[in-house]
2 protein chains.
Amino acid sequence: MDAYEFIKDAIIEGKFVPGMRLAEESLAKEMNLSRTPIREAIRQLEAEGLVIPLKRGVSVRHFTKDDIRQIYDLRTLLEGYAASQAAIHRTENDLVEMEKANILYEEAINQHVESDMDSLKDIVRVNQKFHEAIVTASKNEHIHFHISKVVVVPIVFRSFYWYNSFQLKQSLEVHKTILEAIKNREPERARIGMHEHIYQGRDHVLKHLEQIKNIHLLKEEEK
Amino acid sequence: MDAYEFIKDAIIEGKFVPGMRLAEESLAKEMNLSRTPIREAIRQLEAEGLVIPLKRGVSVRHFTKDDIRQIYDLRTLLEGYAASQAAIHRTENDLVEMEKANILYEEAINQHVESDMDSLKDIVRVNQKFHEAIVTASKNEHIHFHISKVVVVPIVFRSFYWYNSFQLKQSLEVHKTILEAIKNREPERARIGMHEHIYQGRDHVLKHLEQIKNIHLLKEEEK
DNA sequence: CTCAGATTCATTGTATACAAACAGATAAAT
DNA sequence: ATTTATCTGTTTGTATACAATGAATCTGAG
């Protein structure tokens, strides 16, 4: 669906932010459509929890620090399980896909120069490919379905752009550990590796949120 | 939403079955509405995975035995985690709610007479209340959100109506174990109890599906 | 008889129209 | 001045209309 993609992308890109009131008419005008397809897209996004209904229109959902913690707990649980299952069910082809994704990841990190947004965007994208490959190898499409819903949220915060080279190199190491565990069919080690990896991400996002909050407080004081 | 409830209920009640082609117009006529609200309801149900888009119209999703296995794995993971978290975060009030639900469950089981559909429906409802109470006590609304999506699917199969008194008494025992573990703040025991409980349900549904399949095969032969 | 092409009919996708609900502003009354 | 009531403009909810798409049927040629 087109309107769906448009709105979702706008949220992910930060064009629509939490608290912002979105009316159907204005959205429709912005993308040269009538209200009908817009409404359908909104219903989908509501069902996914990305957007919440307002008395008047909708708003992109506002996630608190507590939400982030909960979502990462959930994601750790799901992706950790997926990794352990991947270690059991993975085929040779799955392994090839995972390795391919990880080589791209390594290349992206090596080419990366400190605080260059575009190269970071690349890294995020390739990282996702790697995670996707693992979930695919777990052979549980229902978990896949739920993970895909959970993964979007942290992206909204664009905390990734704050990773430094050291952290990136570190996460590459964890990737390699996970990959090796899945290759050697060690479910528990794969799970633990994934836990570590995602909790790293969680800490990072939370720290980022803390900074944003401070900036916000600063602005409040300035007034 | 009204059209949403209508369609979802129809699926749960078995009025709309997998493979059945549902056109917007006919749905609209059936509930005296125009197509517009119907379409929105369908988009929601699609996002939840209960219904799949067809080239022409939609159909309620057909779940295979493998889907059931995957969904129960997922549910075990999520509800097991919720139980362990409940053992950590539960308040006195949560405990009261859980005990209340479980007393109702015990009463419903004691009043139950073998293969009475209505009393089994009651039991299913009260059982859900118990599970709800645990998830609430876990203090993670995002897990709650995902569990609620996962729980609907097995209901569609109405395998519950095949429980016998012995199985019901057995599941009451497991409920009590879980409750005690949460009360005594033993996360791991709560998780294991929940695992056992849900895997019991899974075996039951799978056995039921096997029977249905046999009946189906019988019918095929009769032709 | 079989298959390709044209035709018809059902069904979706989108636009538009209008009524009902609601928020905010203005006016009136105490 | 504060509160209540009314009015007004905006925004949603639903219905309807029509074009685009796809499936099924029919027709004619080989």
Side-chain angles (χ1 to χ4, degrees), chain A residues 1-63 145 148-149 152 156 220 223, chain B residues 1-64 145 148-149 152 156 223:
Chain A
M1 172 170 268
D2 212 27
Y4 170 81
E5 294 289 342
F6 184 95
I7 299 173
K8 192 167 177 179
D9 284 355
I11 293 170
I12 288 173
E13 295 294 326
K15 203 169 149 66
F16 300 157
V17 294
M20 193 173 180
R21 206 202 203 69
L22 300 173
E24 294 165 7
E25 190 74 43
S26 62
L27 288 172
K29 205 164 278 177
E30 191 160 352
M31 53 189 106
N32 283 327
L33 277 170
S34 77
R35 277 174 53 217
T36 315
I38 308 292
R39 302 193 103 230
E40 289 171 23
I42 288 175
R43 290 300 98 82
Q44 273 183 261
L45 291 163
E46 280 175 7
E48 292 176 12
L50 248 190
V51 130
I52 52 161
L54 250 43
K55 331 97 238 281
R56 229 72 188 294
V58 300
S59 173
V60 6
R61 164 145 190 198
H62 182 256
F63 293 100
F145 182 83
S148 68
K149 301 277 172 286
V152 195
V156 171
E220 290 291 315
K223 281 179 195 169
Chain B
M1 174 168 267
D2 213 26
Y4 171 82
E5 294 289 341
F6 183 94
I7 299 174
K8 191 168 178 180
D9 284 355
I11 294 171
I12 288 173
E13 296 294 326
K15 204 170 148 63
F16 300 156
V17 294
M20 195 173 179
R21 204 202 203 71
L22 300 173
E24 294 164 7
E25 190 73 44
S26 62
L27 288 171
K29 205 165 277 177
E30 192 161 351
M31 55 188 102
N32 283 327
L33 277 170
S34 78
R35 278 175 52 216
T36 316
I38 308 292
R39 302 194 103 232
E40 288 171 20
I42 288 175
R43 291 299 100 83
Q44 273 182 261
L45 291 163
E46 281 176 5
E48 290 176 13
L50 248 190
V51 130
I52 53 162
L54 250 43
K55 330 93 238 279
R56 228 72 188 292
V58 298
S59 173
V60 6
R61 162 143 194 199
H62 181 258
F63 293 100
T64 66
F145 182 83
S148 67
K149 300 277 172 287
V152 194
V156 171
K223 282 178 195 170

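Please read all numbers here as calculations on a predicted model, not as lab measurements. Scope of the values below: all heavy atoms of this structure, side chains included, with no hydrogens, waters or symmetry mates. Each chain gets a letter, A, B and so on, in the order its sequence line appears, and its residues count up from 1.
- Contacts between residues 23-36 of chain B and DNA chain C, defined by a heavy-atom separation below 4.0 Å, involve B/Ala23, B/Glu24, B/Arg35, listed by number.
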Can you give each donor-acceptor pair under 3.5 Å made by side-chain atoms of residues 6-21 of chain B, sequence neighbours left out, with the distance rounded to 0.1 Å?
{"unit_1": "B/Lys8", "atom_1": "NZ", "unit_2": "B/Tyr4", "atom_2": "OH", "d": "3.1"}
{"unit_1": "B/Arg21", "atom_1": "NE", "unit_2": "B/Arg56", "atom_2": "O", "d": "3.4"}

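- Contacts of B/Glu24 classified as side-chain hydrogen bond (donor to acceptor under 3.5 Å, both in side chains), with partners at least two apart in sequence or in another chain: B/Arg35, B/Arg39.
- Rounding to whole angstrom units, CD1 of residue B/Ile38 and C1' of C/dG13 are separated by 16 Å.
- One can place CG of B/Asp2 at 13 Å from P of D/dG13, the figure rounded to the nearest angstrom.
- Here the shortest heavy-atom pairing between B/Ala3 and B/Ile38 reads CB-CD1, 4.2 Å.
- In terms of heavy-atom proximity, A/Val51 sits nearest to A/Val60 at CG2-CA, 3.9 Å.
- For the pair B/Ala47 and A/Lys149, the tightest heavy-atom approach, listed with the atom from each and the gap, is O-CE, 4.1 Å.
- Taken from NE2 in A/His62 to CD1 in A/Ile52, the straight-line distance is 10.0 Å, to the nearest 0.5 Å.
- DNA chain D is contacted by A/Arg56, A/Gly57 of residues 45-57 of chain A, taking any non-hydrogen atom closer than 4.0 Å.
- Between the CG atom of A/Leu22 and the P atom of D/dT10 there is a distance of 18 Å, given to the nearest Å.
- A/Thr36 meets the side-chain contact (heavy atoms from CB on, under 4.5 Å) test with A/Ser34, A/Glu40; sequence neighbours excluded.
- A/Glu40 has its CD atom 15 Å from the P atom of D/dT12, to the nearest Å.
- Atom CZ of A/Arg39 is separated from atom C1' of C/dA15 by 14 Å (rounded to the nearest Å).
- Counting only heavy atoms from C-beta outward, the side chains of B/Leu27 and B/Ile42 approach each other to under 4.5 Å.
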